[in-house]
K.L.:
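If you scroll down you'll find the structure; I have some questions about it.
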Amino acid sequence: MKVKTILVSQPEPKVENSPYFELQQKHKVKIDFRPFIHVEGVNAKEIRLQKIDLNHYTAIILTSKNAVDHFFRVADEMRYKVPEGLKYFCQSEAIAFYLQKYVVYRKRKIYVGPKDFADLSPLIKKYKDEKFLLPASDQLNADAPITLNALKVDWTPAVFYRTVMSDLSDLADVYYDVLAFFSPTGIKSLFMNFPDFEQNDTRIAVFGSTTQKEALDHGLRVDILAPTPATPSMTMALEKYIIEANKGK
């Protein structure tokens, strides 16, 4: 079965040189973008009910750009003046770079991990006497609590935003050759919107082992998987599959 249409369950990239656009032009496939999930902020009143007082913390652990946005949104709602001496522990370079949207980088104490949460361990251990706040979503990855509890540091998780399933009812009669998913919640959103979804000839592409598990748990056949050593990104996995499927086109 040849691939002519792909639906990516994420927002459309804002950069012109996105590998998705290159894939589209190179292989003459149509790629649409539609977030199957979206993020909604938790208001300051709800956060106070979680017994969170921002003045109590000396360090913030940031695991995503959403965490950055919602920490500063809540700080603003609570009229909390972010102190110069507040330390930021960022899970990746990309998050640390994004932090510059809110703070003057050189003036702040920013510590950056290579990629995975566990990689932050040596940095957090070095500052184990800090009081850490972890602003996150209602679907916190298990590796964060495991890592922080093992370090025996004083840390508090707080739900600053929620992952919510989007309304996809307008897609009811639209068919795509490939559906690409990036989180377990994306798969859940598919079945919440379309409880009777039958895969048939639709190819399912998944990113990450937890997304793969969710797809399999829902009885889906996973045709395209990333990351792998050969295809570390979703676009590379899609391209490899397209080349194979569209042979002799």
Side-chain angles (χ1 to χ4, degrees), residues 1-43 46 64-67 69-70 73 136-141 159-227 231 233-242 245-246 249:
M1 294 287 290
K2 290 176 179 176
V3 174
K4 294 179 181 176
T5 57
I6 299 170
L7 179 62
V8 176
S9 61
Q10 284 190 330
E12 184 169 342
K14 291 179 181 175
V15 290
E16 288 180 14
N17 62 346
S18 165
Y20 285 106
F21 301 144
E22 291 174 24
L23 186 69
Q24 191 167 236
Q25 290 169 354
K26 186 177 175 183
H27 296 283
K28 304 293 185 282
V29 293
K30 181 175 184 283
I31 301 179
D32 289 337
F33 299 88
R34 178 66 180 274
F36 277 37
I37 56 176
H38 61 277
V39 164
E40 291 181 356
V42 171
N43 63 39
E46 280 188 71
S64 69
K65 291 177 183 177
N66 278 327
D69 284 336
H70 288 281
R73 172 189 61 79
S137 80
D138 55 335
Q139 297 178 23
L140 179 63
N141 287 338
V159 176
F160 274 48
Y161 56 99
R162 293 192 181 94
T163 305
V164 181
M165 297 177 202
S166 304
D167 179 3
L168 308 172
S169 53
D170 57 306
L171 295 177
D173 300 318
V174 183
Y175 173 82
Y176 288 91
D177 295 319
V178 178
L179 300 178
F181 294 94
F182 299 82
S183 72
T185 317
I187 302 280
K188 287 173 183 170
S189 178
L190 171 69
F191 282 93
M192 185 199 79
N193 280 278
F194 310 109
D196 301 322
F197 175 80
E198 291 183 14
Q199 183 172 0
N200 299 323
D201 293 328
T202 303
R203 268 59 57 84
I204 300 292
V206 300
F207 191 91
S209 57
T210 56
T211 311
Q212 179 188 20
K213 182 180 183 303
E214 193 69 35
L216 295 173
D217 287 350
H218 277 85
L220 296 175
R221 180 188 69 251
V222 173
D223 303 284
I224 304 162
L225 176 65
T231 56
S233 70
M234 176 60 88
T235 47
M236 290 172 77
L238 288 169
E239 181 169 41
K240 185 183 177 199
Y241 186 87
I242 290 166
N246 292 7
K249 190 174 175 181

K.L.:
Would you name the heavy atoms of Pro227 and Gly208 that are closest together and state the gap between them?
P.N.:
CD-N, 3.8 Å

K.L.:
Find out whether Asp170 and Arg34 are in side-chain contact, i.e. whether some heavy atom of one side chain is under 4.5 Å from a heavy atom of the other.
P.N.:
yes

K.L.:
Could you pull out all residues at least two apart from Asp177 that satisfy side chain to side chain contact (heavy atoms under 4.5 Å, CB included)?
P.N.:
Val3, Lys4, Thr5, Tyr175, Arg203

K.L.:
Determine yes or no for a side-chain-to-main-chain donor-acceptor pair under 3.5 angstrom, with Ser9 supplying the side chain and Ala180 the backbone.
P.N.:
yes

K.L.:
At what distance, to the nearest 0.5 angstrom, does OG1 of Thr235 lie from CD of Gln24?
P.N.:
13.0 Å

K.L.:
How would you list, by chain and number, every residue that makes a side chain to side chain contact (heavy atoms under 4.5 Å, CB included) with Leu216, sequence neighbours excluded?
P.N.:
Gln212, Val222

K.L.:
Looking at Val159, is its backbone amide N or carbonyl O close enough to the side chain of Asp138 to form a donor-acceptor pair, meaning the two atoms are under 3.5 Å apart?
P.N.:
no

K.L.:
For a quick test of reading the model, state the closest non-hydrogen atom pair linking Val42 to Glu46 and the distance between them.
P.N.:
CG1-CB, 3.4 Å

K.L.:
To the nearest 0.5 angstrom, please state how far the CG atom of Asp167 sits from the CZ atom of Phe36.
P.N.:
11.5 Å

K.L.:
Give, for atom CG of Asn43 and atom CZ of Arg73, the distance between the pair rounded to the nearest 0.5 Å.
P.N.:
7.5 Å

K.L.:
So which atom in Lys2 and which in Asn246 form the shortest heavy-atom distance, rounded to 0.1 Å?
P.N.:
CA-OD1, 3.3 Å

K.L.:
Quick one: pull up CD1 in Ile204 and NE2 in His218 and give me the separation to the nearest 0.5 Å.
P.N.:
11.5 Å

K.L.:
Between Ile37 and Ser189, which heavy-atom pair has the shortest distance, and what is it?
P.N.:
CG2-CB, 4.3 Å

K.L.:
Taking the side chain as everything from C-beta on, heavy atoms only, tell me whether Phe197 gets closer than 4.5 Å to Leu179.
P.N.:
yes

K.L.:
Applying side chain to side chain contact (heavy atoms under 4.5 Å, CB included), can you list everything that pairs with Asp217, at least two apart in sequence or on another chain?
P.N.:
Lys213

K.L.:
State whether the side chain of Asp32 and the backbone N or O of Leu7 hold a donor-acceptor pair below 3.5 Å, judged by distance alone.
P.N.:
no

K.L.:
Which pairs of donor and acceptor atoms, one on a side chain in residues 10-23, lie under 3.5 Å apart (sequence neighbours left out)?
P.N.:
from, atom 1, to, atom 2, distance (Å)
Ser18, OG, Tyr20, N, 3.1

K.L.:
Please name the pair of heavy atoms, one in Phe181 and one in Leu190, separated by the smallest distance, quoted to 0.1 Å.
P.N.:
CZ-CD2, 3.8 Å

K.L.:
Is there side-chain contact between Thr163 and Lys188, with at least one heavy-atom pair below 4.5 Å?
P.N.:
no

K.L.:
Check Ser166 against His38 and note the closest heavy-atom contact, atom names and distance.
P.N.:
OG-ND1, 2.9 Å

K.L.:
Is there side-chain contact between Val206 and Leu220, with at least one heavy-atom pair below 4.5 Å?
P.N.:
no

K.L.:
What residues form a side chain to side chain contact (heavy atoms under 4.5 Å, CB included) with Ser64, not counting sequence neighbours?
P.N.:
Asn66, Ala67, Tyr161

K.L.:
Kindly write out the residues that satisfy salt bridge (charged side-chain N to carboxylate O under 4.0 Å, His left out) with Lys65, not counting sequence neighbours, or none if the list is empty.
P.N.:
none

K.L.:
Rounded to the nearest 0.5 Å, what separation is found between the CZ atom of Phe182 and the OG1 atom of Thr210?
P.N.:
12.5 Å

K.L.:
Check whether any side-chain heavy atom of Phe33 sits under 4.5 Å from a side-chain heavy atom of Val8, and report yes or no.
P.N.:
yes

K.L.:
Please examine the side chains of His70 and Val39, heavy atoms only from C-beta on, and report whether any two atoms are closer than 4.5 Å.
P.N.:
yes

K.L.:
With rounding to the nearest 0.5 angstrom, report the CD to OG1 distance, Glu214 to Thr185.
P.N.:
7.5 Å

K.L.:
Does a side-chain heavy-atom distance below 4.5 Å link Thr231 with Tyr241?
P.N.:
no

